[in-house]
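Below is one structure, written out as structure tokens; comments come after it.
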Amino acid sequence: MTGLSQRTREQGSRLKGLEFLSALIVVAGGITTCVTQNMVLAAAPLSVAVALNLHNRRQMDRLTEYYAGLRRNTIQIALRQDLQVIQAYVSLHQRNNTESELAQFHQSIDALLDEIKRLEARQKGGVDAKNYRSSWIRLKA
């Protein structure tokens, strides 16, 4: 635990003890008021108990805000890490897809280059473009 947590626990233990003691004093003040019929004896312990309760409530609010902030920071760190993992995955996936598409593109270019070489070879061999076109149409059919 951190120093803040240890100090807070010690302070909380003292306040719980004081709160318990004030509750006993309130009960004693109530009994004394019934016996003596003096309302001042009940008001003083009740005032102390209310003051301790208000102090505890402020401390509880501060602790709640502190631990909510810690939790929020922990969640933000986890989300940043998750986001980095997702971004790395998407980047890798895009790179793999790009490489795959690039490989297909290269295959298409190679096929076109082969076709051009074949056409050039036919043209050098005396086959004119008109005859090639008619043979190409026959092959498609």
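Every value quoted in this text rests on a predicted model; they were computed, and no experiment measured them.
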[X] side, atom [atom1]; [Y] side, atom [atom2] - distance, nearest 0.5 Å:
X      : Y      : atom1 : atom2 : answer
Ile86  : Leu79  : CD1   : CG    : 9.0 Å
Gln81  : Leu83  : CD    : CG    : 11.0 Å
Asp114 : Ile109 : CG    : CD1   : 12.0 Å
Leu52  : Asn56  : CG    : CG    : 6.5 Å

Within the structure provided, determine whether [X] and [Y] are in side-chain contact (heavy-atom separation under 4.5 Å).
X      : Y      : result
Asn73  : Gln76  : yes
Asp110 : Gln107 : no
Thr64  : Met60  : yes

Please name the pair of heavy atoms, one in Val26 and one in Pro45, separated by the smallest distance, quoted to 0.1 Å.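 For Val26 versus Pro45, the nearest heavy atoms are CG2-O, 3.4 Å.
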One thing to verify: whether Lys117 and Glu120 come together as a salt bridge, which I'm taking to mean a side-chain N less than 4.0 angstrom from a carboxylate O. no
Checking Ser91 side chain against Gln87 main chain: does a donor-acceptor pair fall under 3.5 Å? no
Nonpolar side-chain network containing Val50, other nodes, edges under 4.5 Å: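 Reading the cluster by chain and number, Val50 sits alongside Leu54.
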Residues joined to Ile77 in its hydrophobic cluster, side chain to side chain under 4.5 Å directly or through other members, sorted by chain and number, are none
Go through Ile75 and Arg71 one step at a time and tell me if the side-chain contact (heavy atoms from CB on, under 4.5 Å) criterion holds. CA-CA 6 Å; Ile75 290 171; Arg71 182 70 179 143; 4.0 Å; yes
